[in-house]
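Each remark here refers to the structure printed beneath this line.
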Amino acid sequence: MMTLSMTMETSHGWDTSGPKQPHSLIVNLSSLTLTTLQTRILEKGLGYVPTAPLDNFKLCMEVNEFTRKFKLRSYFRDCSSIEGPNMGDTGLRNKSSFTPLCTSIPIEILTFEQPVMKDNNDINPTSLKVFHNTTREEKKVLQDLANNTSIVIKPADKGGTLVVQTTDNYRNECLRLLGDARNYVKLQEDPTSFLQNKISNMVEQALAHNWISQKEGDFMINKNPVTPYFYTIPKIPKNQESPPGRPTESVINSVLEPLSRFADAFLGPIVQNTHTYLKDTKDVLRLLKDRLFDPH
C-alpha cells in the first residue's frame, strides 16, 4: 500500500519546489496532529522534489540520449520514412535503441559530445556546491511522512486540496468499492498469460489479413507487462468528514495498454470532431467567454 504519493526524483540543484498550496487546502482526516513543519512541507504540494546530489551516471545517460537524437536526425536526413507513418498507419512502434556509428555522423556532433562527456567524467560530486531547496529538518520531516504507514496522503478529486487520511479508512474505502459486484469481479487467478496468448493470436490474424503493419503488431504484444494497480482519490466536496473515493486504475505498461493506445489512434480523431467534444477546462472557458446567459 502506497502511503505517500510524493514524487522523489533526482534534481541537480535547480528550484523544483513549484507552486505552493495555501494552508487552507490541506485537509487532515487522520489522528495525526500535523506540526508547523509538516504542514509547511505538505503546502509545497505533491509535485515538490527535494534537491539531490549530482548523479554522474544519470547525467551521462541524458547526454547520450540528447546526442543520439541529433545522430538519428543526421543519419536519416535523406530518408523519406523519417517524415512519419504512411496513410492508414497509426505510427505506433516499440521504442528503438538504434544509434548510428561514429563513422556515419557529422564531426560537429562528436565535437560537442566528447568534451561534455569528458567534463562529466572529471566531475567530483562531493566537491560541487549544491544549493538545496530544503533544510535538514524539512528533509527529516519529509522522510518521516513518507515512512509513516498509518497515513495516506492523496490529492482530492477537485479543488487542489491535499487530503491526509488514516490507512485503515483508505483501505476500507478501497475494499468497499471493490466489493461492489456490479463493477468488479474477484479473479481466481492472474489472467496475464491468458490475455497475452489471446492478444498474440489476434495480432497474428490481423497481420495475416494485412490489417496492421509488423511494427504495429510488435507494439501491441507487451512481453513484460506490469500488473495494473487500483487506488482511490477522495471526493472532499461530497463529504469532508468521510469522503468517498473515486476509483482509479493505473494500467500504464500493462498487458492491455498497447491495445488501448491502438484504439485511441482511431477513435481519438473521431471524438475530437464531434460537436459535443470538450478538450479541457480551458476549452470550456473559451467557449463560454463570448456567450451571454439569461439570469432568469
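Just so you know, these numbers come straight off a predicted model, no measurement behind them.
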Exercise. Thinking salt bridges, do Glu65 and Arg68 make one under a 4.0 Å N-O criterion?
Worked result: yes
For this session: Compute whether any side-chain donor of one residue and acceptor of the other, for Asn253 and Glu257, lie under 3.5 angstrom apart.
Result: no
For this session: Please say whether more than 12 non-hydrogen atoms of neighbouring residues, nucleotides or ligands are located less than 6.0 Å from CZ in Phe57.
Result: no
Identify each donor-acceptor pair in which a side-chain atom of residues 26-33 lies under 3.5 Å from a protein atom, sequence neighbours left out, and give them as a table.
unit_1: Asn28; atom_1: OD1; unit_2: Ser30; atom_2: N; d: 3.1
unit_1: Asn28; atom_1: OD1; unit_2: Ser30; atom_2: OG; d: 2.7
unit_1: Asn28; atom_1: ND2; unit_2: Leu32; atom_2: O; d: 2.6
unit_1: Ser30; atom_1: OG; unit_2: Leu32; atom_2: N; d: 3.2

For this session: Check the surroundings of atom CZ in Arg176: do more than 12 heavy atoms from other residues, nucleotides or ligands lie under 6.0 Å from it?
Result: yes
For this session: May I ask you to decide whether Arg286 forms a salt bridge with Asp283, counting only side-chain N to carboxylate O separations under 4.0 Å?
Result: yes
Exercise. Side-chain heavy atoms under 4.5 angstrom apart, residues restricted to Ile, Leu, Val, Met, Phe, Trp, Tyr: same cluster for Leu256 and Met202?
Worked result: no
Exercise. In terms of hydrophobic clusters joined by side-chain contacts under 4.5 Å, are Val255 and Ile252 together?
Worked result: no
Exercise. Is it the case that more than 12 heavy atoms not belonging to Met117 sit under 6.0 Å from its CE atom?
Worked result: yes
Exercise. Does atom CZ of Phe194 have more than 12 heavy-atom neighbours from other groups under 6.0 Å away?
Worked result: no
Exercise. Which of parallel (below 30°), tilted (30 to 60°) and perpendicular (above 60°) describes His209 and Trp211?
Worked result: parallel
Problem set entry | Asp180 versus Asn183, side-chain donor and acceptor atoms under 3.5 Å | yes
Exercise. How about Asp168 and Thr166: does a side-chain donor come under 3.5 Å of a side-chain acceptor?
Worked result: no
Exercise. Is atom NZ of Lys198 surrounded by more than 12 heavy atoms (other residues, nucleotides or ligands) closer than 6.0 Å?
Worked result: no
Problem set entry | Co-membership, hydrophobic cluster, residues Leu177 and Val163, 4.5 Å side-chain | no
Seminar exercise, completed: In short, Gln196 meets Asn222 closest at the heavy-atom pair NE2-O, 3.0 Å
For this session: Flag the pair Ile236 / Asp157 as yes when at least one side-chain heavy-atom distance between them is below 4.5 Å, and no otherwise.
Result: no
